[in-house]
Amino acid sequence: MTDREFFERYNKNVYRTCYYMLRNASDAEDVCQEVFIKALASGWERVEYLKTWLMR
């Protein structure tokens with residue numbers, strides 16, 4: 001799976017969780033972006049349970 005596929009697969013779940021927690025669309029987008037920046041930089045390829053790891 002490429003970085004783009006990783007993003008496309010989990011973007012909606014991460015955004016939905018961020019929006020649920022923040023109740024603000026622009027803040028949720030910012031936090032969602034930060035989540036993926038950190039995930040892509042931390043070597044997500046080696047993680048076995050991606051969705052669980054990412055949502056944590």
Side-chain angles (χ1 to χ4, degrees):
M1 176 183 327
T2 65
D3 289 348
R4 181 156 186 84
E5 292 170 336
F6 172 69
F7 174 77
E8 289 175 357
R9 180 175 291 178
Y10 297 109
N11 181 44
K12 289 182 182 179
N13 289 323
V14 172
Y15 175 78
R16 190 178 310 126
T17 301
C18 292
Y19 185 80
Y20 174 78
M21 294 170 66
L22 300 170
R23 301 288 185 203
N24 183 296
S26 63
D27 289 344
E29 289 174 8
D30 290 343
V31 172
C32 184
Q33 181 178 1
E34 290 294 321
V35 166
F36 280 100
I37 288 171
K38 288 183 180 184
L40 293 172
S42 67
W44 63 271
E45 298 91 351
R46 297 179 302 242
V47 177
E48 186 174 353
Y49 300 104
L50 278 174
K51 185 175 180 182
T52 304
W53 174 78
L54 185 62
M55 299 307 286
R56 179 175 43 102

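Not measured: the values here are computed from a predicted model.
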- Item | With sequence neighbours excluded, residues passing side-chain contact (heavy atoms from CB on, under 4.5 Å) with Val31 | Cys18, Leu22, Val35
- Query: Would you say the side chain of Met1 lies within less than 4.5 Å of the side chain of Leu50, judging by non-hydrogen atoms?
  - Reply: yes
- Give the intermediate values and the outcome of side-chain contact (heavy atoms from CB on, under 4.5 Å) for residues Leu40 and Phe7. CA-CA 9 Å; Leu40 293 172; Phe7 174 77; 6.0 Å; no
- Item | Within 6.0 angstrom of Met21 CE, more than 12 heavy atoms from elsewhere | no
- Hydrophobic cluster (4.5 angstrom, side-chain heavy atoms) - remaining members for Tyr19: Tyr15
- Report the residues that fulfil side-chain hydrogen bond (donor to acceptor under 3.5 Å, both in side chains) with Asn24, sequence neighbours left out, ordered by chain and then residue number. Ser26
- Task: Not counting sequence neighbours, which residues clear side-chain hydrogen bond (donor to acceptor under 3.5 Å, both in side chains) with Arg16? List them please.
- Result: Asn13
- So which pairs with a foot in residues 31-56 pass side chain to side chain donor-acceptor pair (under 3.5 Å), sequence neighbours left out? Asp3-Trp44
- By salt bridge (charged side-chain N to carboxylate O under 4.0 Å, His left out), which residues pair with Arg4, not counting sequence neighbours? Glu8
